[in-house]
Amino acid sequence: MATVEECEAALADLVSRLDEVDPGKWAEHAVDRTISCHISDLDVSYASRLSKDGVAPFSPTGDPRSAQVRLTIAARDLVDLAADRLSPTKAWATGRLRIEASVLDLLRLRKVL
């Protein structure tokens, strides 16, 4: 199991990678949304905001259910995802990454990623 510190670093890495997406492509498909990531085995949650300007850094939150886009993942899987040892598609298809969002939001995010 990964530590809280490793998970926080993984989330920061993911935000950095999203900052590298072509700004025109990002602005075309991204909409203002709140996002949360619940790390199931550590029972900790983080929140951020997606906007046309990019992704804000994740910060601890006590209520991940209030976000419009909700991710749930185990600590080790989050670290592997950030290190490119696990693809988001494979993680989702195998149930290791759960995403709760509207269909429209999922389609928009897919175009950006």
Side-chain angles (χ1 to χ4, degrees):
M1 178 188 323
T3 66
V4 169
E5 293 78 17
E6 290 172 314
C7 291
E8 290 173 350
L11 288 170
D13 286 347
L14 290 172
V15 168
S16 292
R17 287 196 354 225
L18 289 172
D19 283 342
E20 295 171 4
V21 171
D22 175 63
K25 184 178 179 182
W26 184 268
E28 181 182 346
H29 299 292
V31 292
D32 191 38
R33 293 287 182 265
T34 55
I35 183 169
S36 68
C37 180
H38 179 70
I39 303 166
S40 55
D41 52 340
L42 297 177
D43 197 28
V44 295
S45 300
Y46 297 87
S48 180
R49 178 170 288 282
L50 301 170
S51 71
K52 292 208 180 271
D53 297 325
V55 182
F58 279 86
S59 59
T61 184
D63 185 16
R65 302 288 314 159
S66 65
Q68 294 162 307
V69 177
R70 297 173 300 280
L71 311 174
T72 303
I73 192 167
R76 178 54 44 204
D77 291 336
L78 175 61
V79 171
D80 287 347
L81 190 72
D84 280 333
R85 292 186 296 262
L86 176 64
S87 77
T89 304
K90 183 176 180 179
W92 175 78
T94 59
R96 295 163 70 181
L97 170 63
R98 190 172 73 219
I99 304 171
E100 298 174 77
S102 73
V103 172
L104 192 55
D105 285 342
L106 290 173
L107 292 172
R108 284 184 186 131
L109 289 172
R110 184 173 173 255
K111 289 179 183 180
V112 172
L113 304 175

- Message: So which atom in F58 and which in C37 form the shortest heavy-atom distance, rounded to 0.1 Å?
- Response: CE2-CB, 4.2 Å
- Task: Can you sort out the partners of S51 under side-chain hydrogen bond (donor to acceptor under 3.5 Å, both in side chains), two or more places apart, ordered by chain and number?
- Result: none
- Can you list every pair that meets salt bridge (Lys or Arg N to Asp or Glu O under 4.0 Å) and has a residue in residues 32-44, with sequence neighbours left out? D32-R49, R33-D105
- Task: With rounding to the nearest 0.5 Å, note down the distance linking CD1 in I99 to OG1 in T72.
- Result: 9.5 Å
Counting only pairs under 3.5 Å, give me each side-chain donor-acceptor contact of residues 5-13, with atom names and distances, residues two or more places apart or in other chains.
from, atom 1, to, atom 2, distance (Å)
E6, OE1, T3, N, 2.7
E6, OE1, T3, OG1, 3.4
E8, OE2, Y46, OH, 2.8

- Note on the structure: So the salt bridge (Lys or Arg N to Asp or Glu O under 4.0 Å) pairs with at least one residue in residues 81-91 (sequence neighbours excluded) are R17-D84, D80-R85
- W26 vs L50 side-chain heavy atoms within contact, under 4.5 Å: yes
- Message: Test of understanding: clusters of I, L, V, M, F, W, Y form through side-chain heavy atoms closer than 4.5 Å, transitively. Do V4 and I39 belong to the same one?
- Response: yes
- Task: Would you name the heavy atoms of P88 and L97 that are closest together and state the gap between them?
- Result: O-CD2, 4.1 Å
- Message: Applying a strict under-4.5 Å side-chain criterion to I, L, V, M, F, W and Y, I'd like to know whether V31 and I35 cluster together.
- Response: no
- Item | L81 to L86 - nearest heavy-atom pair and separation | CD1-O, 3.2 Å
Please list every donor-acceptor pair under 3.5 Å in which a side-chain atom of residues 64-71 meets a protein atom from a residue at least two apart or in another chain.
from, atom 1, to, atom 2, distance (Å)
R65, NH1, E100, OE1, 3.2
R65, NH1, E100, OE2, 3.0
R65, NH2, E100, OE1, 3.4
S66, OG, D63, O, 3.0
Q68, OE1, T34, N, 2.9
Q68, OE1, T34, OG1, 3.4
R70, NH1, A67, O, 2.6

- Item | Those residues that, when tested against S45, pass side-chain hydrogen bond (donor to acceptor under 3.5 Å, both in side chains) (two or more places apart) | H38
- Query: Would a hydrophobic clustering, with Ile, Leu, Val, Met, Phe, Trp and Tyr connected at side-chain separations under 4.5 Å, put V79 with V44?
  - Reply: no
- Item | ILVMFWY network linking L106 to I73, side-chain heavy atoms under 4.5 angstrom | yes
